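One structure is given below, encoded as structure tokens.
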Amino acid sequence: MAVERAKENIRRHYAVVGVLEEFSSFLKVLEVVMPQFFRGAQDTWQDLNQQTNLLEDQRTINRSPPSPRIRKIMRERLKLDYQVYYFIRERFHMQKARLGIQD
């Protein structure tokens, strides 16, 4: 029930919800959907990233991936979160397609 309510709230109250791993595309969508607030956001982000190497500085050093056992446990414990995430990701991809935005 909570997952369906979350999905309905997203549908009803948010024009755009993106996913972090597609942040650049998210900015493109925002530029189209709300240009009065986000015009030039993608260019600004690219310039900032090139000047400061922001994305590289955010990476975790010496990160080891979780074991298959841990991944399975996390998937089980976060099952509802994953459902909302996959819903958001699919909605975002459909929105990009409708707007003609490609990565």
Side-chain angles (χ1 to χ4, degrees):
M1 186 65 136
V3 169
E4 290 310 314
R5 186 169 184 176
K7 290 177 183 180
E8 185 57 33
N9 283 333
I10 291 165
R11 282 187 207 99
R12 187 177 293 159
H13 300 294
Y14 296 92
V16 181
V17 179
V19 290
L20 184 58
E21 60 269 21
E22 296 183 48
F23 186 68
S24 198
S25 293
F26 176 64
L27 291 175
K28 290 177 188 178
V29 170
L30 288 173
E31 285 182 333
V32 173
V33 174
M34 294 182 261
Q36 67 274 28
F37 300 110
F38 293 99
R39 182 173 288 117
Q42 170 66 16
D43 292 336
T44 301
W45 170 251
Q46 284 181 337
D47 291 345
L48 179 66
N49 189 41
Q50 287 174 353
Q51 292 170 9
T52 63
N53 215 6
L54 192 59
L55 289 179
E56 275 307 309
D57 293 343
Q58 298 294 321
R59 297 204 190 282
T60 303
I61 299 172
N62 298 326
R63 183 180 89 179
S64 38
S67 70
R69 181 179 149 273
I70 296 299
R71 290 177 69 98
K72 181 181 178 193
I73 291 169
M74 294 304 291
R75 284 235 185 247
E76 289 169 3
R77 291 186 182 175
L78 297 172
K79 181 173 67 173
L80 300 178
D81 299 81
Y82 274 102
Q83 288 177 22
V84 173
Y85 168 78
Y86 291 132
F87 167 78
I88 289 170
R89 190 176 69 179
E90 181 180 338
R91 180 179 186 254
F92 181 63
H93 289 167
M94 289 188 306
Q95 194 169 31
K96 281 188 342 184
R98 274 196 314 272
L99 296 171
I101 295 172
Q102 298 177 356
D103 294 326

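Being a predicted model, the structure only gives us computed values, none of them experimental. Throughout, residue positions are numbered sequentially from 1 according to the sequence presented.
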Item to check | Stepwise side chain to side chain contact (heavy atoms under 4.5 Å, CB included) check, Gln102 with Lys28 | outcome: CA-CA 9 Å; Gln102 298 177 356; Lys28 290 177 188 178; over 6 Å; no
Checklist entry - Given Phe92 and Val17, is the side chain to side chain contact (heavy atoms under 4.5 Å, CB included) satisfied, shown in steps? => result CA-CA 7 Å; Phe92 181 63; Val17 179; over 6 Å; no
Checklist outcome for this item: Heavy-atom closest pair (Ala15 atom, Val33 atom, distance to 0.1 Å) is CB-CG1, 4.3 Å
Next on the checklist: Gln95: which residues meet the side chain to side chain donor-acceptor pair (under 3.5 Å) condition with it, sequence neighbours left out?
Outcome noted: none
Next on the checklist: Tell me if a side-chain donor or acceptor on Glu31 pairs with a main-chain N or O of Gly40 at a distance below 3.5 Å.
Outcome noted: yes
Item to check | Distance, nearest 0.5 Å, that separates CD1 of Ile101 from CD of Glu22 | outcome: 11.5 Å
Next on the checklist: Would you compute the distance between atom CE of Met94 and atom CG of Leu99 and round it to the nearest 0.5 angstrom?
Outcome noted: 12.0 Å
Checklist entry - Among all residues two or more places apart in sequence or in another chain, which pass the side chain to side chain contact (heavy atoms under 4.5 Å, CB included) test with Asp43? => result Gln46
Item to check | Distance in Å, Arg77 CZ paired with Ile70 CD1, rounded so as to fall on 0.5 Å steps | outcome: 8.5 Å
Item to check | Whether over 12 other heavy atoms sit under 6.0 Å from Met74 CE | outcome: no
Next on the checklist: In the structure I gave you, are the side-chain heavy atoms of Ser25 and Lys96 within less than 4.5 Å of one another anywhere?
Outcome noted: yes
Checklist outcome for this item: Taken in chain and number order and not counting sequence neighbours, the residues that satisfy side chain to side chain contact (heavy atoms under 4.5 Å, CB included) with Met1 are none
Item to check | Over 12 foreign heavy atoms within 6.0 Å of CD, Glu90 | outcome: no
Checklist entry - Do Lys7 and Glu4 meet the salt-bridge criterion of a basic N to acidic O distance under 4.0 Å? => result yes
Next on the checklist: Going by ring-ring contact (aromatic ring centres under 6.0 Å, His included), name the residues that satisfy it together with Tyr85, two or more places apart in sequence or in a different chain.
Outcome noted: none
Item to check | 4.5 Å side-chain heavy-atom contact, Val84 and Ile10 | outcome: yes
Checklist entry - Mind checking what makes side chain to side chain donor-acceptor pair (under 3.5 Å) contact with Arg11, not counting sequence neighbours? => result Glu8
Checklist entry - Any ring-ring contact (aromatic ring centres under 6.0 Å, His included) pairs touching residues 13-41, not counting sequence neighbours? => result Phe23-Trp45
